[in-house]
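These notes concern the structure reproduced below.
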Amino acid sequence: MDTTNSIKKSSKVGNYVVYAILIIWVLVNLFPVYWMFTFSLKDNAEIFGENVVGLPTKWLWSNYVKALNSGDMGRYFVNSIIVSVSTIVITIAAAFMATFAMTRIYWKGRDTMYKFFMLGLTIPIHASIVPIYITLSKVKMLNSYQALIVPYAAFSLAMAILIASGFMNEIPKELDEAARIDGCGIWKTFFYVIVPLMKPAVSTIGIYTFLQCWNELMFASVFNSGDKFKTLPAGVQEMSGRYTTEWGPIGAALVIATFPTLIVYIFLSKKIQSSFIAGAVKG
Amino acid sequence: MKKKKLYTAINVTAFLLPALLLFVGVLIFPIIMSGVYSLYDWNGIGAKEFILFDNYKELFTSKNLRFMKALVNSLLLAFFSVFIQLPISLGLALTLGKGRKGERFFLSVFFAPVLISTVVIGQLWLKMYNPDYGIINMAIRLITGNPDFGPIWLGDPKLALGAAFVPILWQYVGYHMLLMYAGVKSVPVELREAAMLDGASQGQVNRYVVIPCMKGILKVSVIFAVTGSLKSFDLIYVLTNGGPFKATEVPSIIMIRELFIGGKYGMGSTIAVMLIVLCFAFALIINRIFKQED
């Protein structure tokens, strides 16, 4: 009896230790974000010594006004939305169509075609930056929305097809046959039978693609170096260069670039996590 | 019959066309072009001069470029990632994966940094590392009671690469943890219980039952960590841009500099091609190593 008791006791202590470590790690993860939120509402005097880790004594929303107006974060935010949403729409449309051709229509070479698309999973964006840049400058399309949308869509495609084919393979083939008997052609089957059943794939691909576009820096800073079409990552970088001494407005800019994803994450954490797992496990 | 075949061919082509145009036009064709450009001395405006492999030779021998140093730096990052970051991720995944109170909460918090833009994380850590007012030095001063303590984390060539690695670790531990957590969860509960009934401790269950079942995921994590380090750009660009005194340069930083400041499209393409080759080579090697383990 004594031994089982002591084992129980030691495992209880062990349990506390585990929870202590987990909570420390929670703090390591959350503290920088908390610090960012609070200093975005403070002035330099508070940040630099008077009140380093506490909540702001007076909430300086003017930092946000500064970031949005003179820091141009408002425009960068809209640009990021336009680029991300367009990329998602194009990626999903192209991926669904291609996946349909490779999973629902029978033809020689469809497996080879699938493998060909899957090459895209391993290709880093570095690989095509020079030729894309040269082409864009030749056709005078540097500094435009499409300068980012088209490359982003191309680089999201492989993952989108991978995810879409997983979902499409689960739709019973009998549905296609039933549709055909009812007189639907291939196109009608695609639009009226398959696409409506692919809603879960839309959100998984949408989330994945959104995060890629929203956070991408290399293409964003190279292709759109002019102010007008900059997206958030390049914009934040630029604004931080201009406001080196004033921390509050930079904090505000960082929060503006971050809160949409974090708020969506609070409501859709499971879905977001599963879309990352779907990508990696099958890839 | 022939008519039906033609009909299928037309439909297949039509359905594939948008994806193929994007994929070939923006990925495959440019990669081939990168390969071609890498054989030329070209500044983008003037005439191209065909020089075969001279760019590659220069890449590995030139003292001005310091490519080898950059490559070593990125391999160091890969080493840190595999031997510091991944073990932390694995530990967290094993702890959470066996099922405990608050599992969902911890998982969600640990994964959150993955969703924050690397630019934001870089700028945030720049502020945290600030020698005078950064939260890190302030905390150290408070704990040690030494008001003069203040290493210039990102400005000291000896400290900079290590200091730049910390935010990388901070951001991606959660990513690998999530993948490994999915791996832990895919281990059948019966296997675990059987081992426990045979008297195995929690550690032994992990060592002999769970981890062997997760080999596939661990391989993916190692490949992502290594190729990610080779390609690393964002955080280094924001935190140090290769400095101080080029102490934290990685290949992508040199590539962007050659291209868009030096205007050397040939050399920039050469670095891009080298990066792709290295990523594929390392992925193959890691695959091999995991196969041999079986």
Side-chain angles (χ1 to χ4, degrees), chain A residues 18 22 25-26 29-30 32 35-36 47-48 52 93-95 97-98 100-101 105 107 113 117 120 122-124 126-132 134 150-151 153-155 157 161 186 211 214-215 217-218 222 232-233 236-237 240 247 250 254 257-258 261-262 265 269 272-273 276-277 280-281 283, chain B residues 8-9 11-12 15-16 18-19 22-23 25-27 29-31 33-34 37 44 92 95 106-113 115-120 123-124 127-128 133 135 138 170 175 178-179 182 217 220 224 231 233-234 237-238 252 255-256 259-260 265 268-269 272 275-276 279-280 283:
Chain A
V18 168
L22 287 175
W25 197 254
V26 166
N29 277 278
L30 291 185
W35 189 60
M36 173 174 87
I47 303 168
F48 291 169
V52 179
M97 288 176 70
F100 184 80
I105 308 177
W107 50 286
M113 184 60 83
F117 278 117
T122 45
I123 297 174
H126 307 59
S128 56
I129 191 165
V130 185
I132 297 179
I134 291 171
V150 176
F155 275 94
L157 202 56
I161 290 177
I186 286 183
L211 287 165
W214 192 263
N215 294 337
L217 175 68
M218 195 191 271
V222 168
L232 280 168
V236 167
Q237 183 64 4
S240 310
W247 285 26
I250 297 178
L254 300 183
T258 310
T261 40
L262 286 189
Y265 181 57
S269 61
I272 291 177
Q273 288 161 10
F276 272 81
I277 294 171
V281 173
Chain B
T8 309
N11 277 319
V12 166
F15 272 105
L16 281 175
L22 266 178
F23 193 71
V26 187
L27 253 87
F29 183 65
I31 289 175
M33 290 316 290
S34 290
Y37 293 154
L92 292 171
T95 318
F106 289 119
L107 190 77
S108 297
V109 170
F110 298 162
F111 183 69
L115 304 173
I116 302 175
S117 149
T118 42
V119 178
V120 170
Q123 288 295 342
L124 181 59
K127 300 278 179 259
M128 296 184 21
Y133 308 118
I135 201 87
M138 281 197 188
W170 184 81
Y175 177 67
L178 182 74
L179 301 189
I217 281 285
V220 170
F224 281 1
K231 295 183 290 188
F233 172 74
D234 294 20
Y237 178 73
V238 176
S252 306
M255 179 184 89
I256 295 291
L259 281 176
F260 302 106
Y265 291 177
S269 303
L275 275 177
I276 308 168
C279 284
F280 271 103

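All of these numbers come straight from a predicted model, not from anything done at the bench. Residue numbers begin at 1 in each chain, while the letters A, B, ... track the order of the sequences.
Side-chain contact between B/Y237 and A/Q237: present, with at least one pair of heavy atoms (C-beta onward) separated by less than 4.5 Å. For the pair B/F29 and A/P131, the minimum side-chain heavy-atom distance is 4.5 Å or more. For the pair B/C279/A/T122, no side-chain contact is recorded, criterion being any heavy-atom separation below 4.5 Å from C-beta on. The side-chain heavy atoms of A/I134 and B/M33, taken from C-beta on, include no pair separated by under 4.5 Å. For the pair B/I116 and A/T261, the minimum side-chain heavy-atom distance is 4.5 Å or more. When side chains are defined from C-beta on, A/V26 counts as touching B/F106, because their heavy atoms get closer than 4.5 Å. Within the 4.5 Å cutoff, the side chain of B/Q123 has no heavy atoms near those of the A/M36 side chain.
In this structure, B/S34 contributes its side chain and A/A127 its backbone to a donor-acceptor pair below 3.5 Å. Between the A/N215 side chain and the B/T118 main chain, no donor and acceptor come within less than 3.5 Å of each other. Of the possible donor and acceptor atoms, none in the side chain of A/H126 sits under 3.5 Å from a partner among the backbone N and O of B/S252. The backbone N or O of B/S108 sits less than 3.5 Å from a side-chain atom of A/Y265, completing a donor-acceptor pair.
Both the backbone and the side chain of A/L217 come within contact range of chain B, judged by heavy atoms closer than 4.5 Å. Interface residue A/F48: backbone and side-chain heavy atoms are both found under 4.5 Å from chain B. Proximity to chain B (any heavy atom under 4.5 Å) is shown, for A/W25, by both the backbone and the side chain. Contact annotation for A/L254: both backbone and side-chain heavy atoms come within less than 4.5 Å of a heavy atom of chain B. Looking at A/L22, the atoms closer than 4.5 Å to chain B (heavy atoms on both sides) sit in the backbone and in the side chain alike.
With rounding to the nearest 0.5 Å, the separation of CG in A/N29 from CH2 in B/W170 is 6.5 Å.
Between chain B and the residues A/V222, A/L30, A/V150, the largest count of heavy-atom pairs under 4.5 Å involves A/V222. Counting heavy-atom pairs closer than 4.5 Å to chain B, the top-ranked of the candidates A/F100, A/W247, A/W107 is A/W247.
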